[in-house]
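Heavy atoms only: backbone and side chains are in, while hydrogens, waters and symmetry mates are out. Naming convention: chains lettered A, B, ... in sequence-line order (proteins, then strands); numbering from 1 in each chain.
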Amino acid sequence: NAGVMQNPRHLVRRRGQEARLRCSPMKGHSHVYWYRQLPEEGLKFMVYLQKENIIDESGMPKERFSAEFPKEGPSILRIQQVVRGDSAAYFCASSPMGTGIYEQYFGPGTRLTVT
Amino acid sequence: DAKTTQPNSMESNEEEPVHLPCNHSTISGTDYIHWYRQLPSQGPEYVIHGLTSNVNNRMASLAIAEDRKSSTLILHRATLRDAAVYYCILAGNNRKLIWGLGTSLAVNP
């Protein structure tokens, strides 16, 4: 059973360009979470999605950032008009459907560098 | 969201037990205590979680105080591969994990 997959692993963008980060959850998992980690800091929650629905986006910046988890295909975190402050590691996690507390399984992350 | 307090860093010797403390005095009755760890340049890895009773799994043990205001992650025999940042996190039913700075564990050979 493959783990959570993220691509690309490293992404370099110039200021003003768009960044698209992809996340394929573990097989059978229908919950996806995105987190951002700045250097020397802990992870910051961004958004929690289920298939075709955004459940909690309280950690998403109000502008330039969006996320989706379509019925088919990976979850996408999209950052428009990137700025240097967007440089960070972005981690995706997944967990299975159902009630109760489930552990989250993390991907290896995408390291975004804005030049 | 309830907060946790952990020491910034700890050190251990290989093959010795390690006790990683966490204070969470504002924990609510429905908060679970989760522990994750993050090895250098990798994504976080789930370690263990519990609600009230002590928990054991193949990676570690979790000891929870009777009043639930603190907990301790126990690695029974530290190895060099256990060197990582360990995060203690409180999580309710909203599934949202709120991360602190964690404890950076160094393991000496």
Novice: Shortest non-hydrogen contact from B/Leu101 to A/Glu41?
Specialist: CD2-CA, 4.1 Å
Novice: Looking only at heavy atoms, what is the nearest atom pair of B/His49 and A/Glu103, with distance?
Specialist: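 Between these two residues, the closest heavy atoms are CE1-OE1, 4.0 Å.
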Novice: Measure across B/Gln38 and A/Phe91 and return the closest heavy-atom pair with its distance rounded to 0.1 Å.
Specialist: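 What the structure gives for the nearest pair is NE2-CZ, 3.6 Å.
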Novice: Give, as side chain, backbone, both or neither, the part of A/Tyr105 having an atom under 4.5 angstrom from any heavy atom of chain B.
Specialist: neither
Novice: At what distance, to the nearest 0.5 angstrom, does CG of B/Leu97 lie from CZ of A/Phe45?
Specialist: 9.0 Å
Novice: Got a sec: does the CD of A/Gln81 have more than 12 other heavy atoms crowding it under 6.0 Å?
Specialist: no
Novice: May I have the step-by-step check of side chain to side chain contact (heavy atoms under 4.5 Å, CB included) for A/Leu43 and B/Tyr36, ending in yes or no?
Specialist: CA-CA 11 Å; A/Leu43 279 72; B/Tyr36 284 76; over 6 Å; no
Novice: Under a 4.5 Å side-chain heavy-atom rule over Ile, Leu, Val, Met, Phe, Trp and Tyr, are A/Ile76 and A/Phe69 clustered together?
Specialist: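 Different hydrophobic clusters.
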Novice: Would you say that more than 12 heavy atoms from the other residues, nucleotides or ligands in this model lie under 6.0 Å from the CG of B/Asn8, or not?
Specialist: no
Novice: Look at B/Gly43, B/Pro44, B/Ser41 and state which one has the largest set of heavy-atom pairs under 4.5 Å with chain A.
Specialist: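 Sorted descending by pairs with chain A, the first entry is B/Pro44.
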Novice: Establish whether A/Val32 and A/Met26 are linked, either directly or via other cluster members, by ILVMFWY side-chain heavy-atom contacts under 4.5 Å.
Specialist: no
Novice: In terms of hydrophobic clusters joined by side-chain contacts under 4.5 Å, are A/Tyr35 and A/Leu77 together?
Specialist: no
Novice: Take a 6.0 Å sphere around CE of A/Met60 and say whether it holds more than 12 heavy atoms from other residues, nucleotides or ligands.
Specialist: yes
Novice: Should B/Ile74 and B/Ile33 be counted in the same cluster of Ile, Leu, Val, Met, Phe, Trp and Tyr side chains packed under 4.5 Å apart?
Specialist: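 No, B/Ile74 does not connect to B/Ile33 through the hydrophobic network.
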Novice: Centroid separation under 6.0 Å, is that true for the rings of B/Trp99 and A/Tyr33?
Specialist: no
Novice: Check B/Tyr87 against A/Gln37 and note the closest heavy-atom contact, atom names and distance.
Specialist: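 It is OH-NE2, 3.7 Å.
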Novice: Is it the backbone or the side chain of A/Gln6 that comes under 4.5 Å from a heavy atom of chain B, or both, or neither?
Specialist: neither
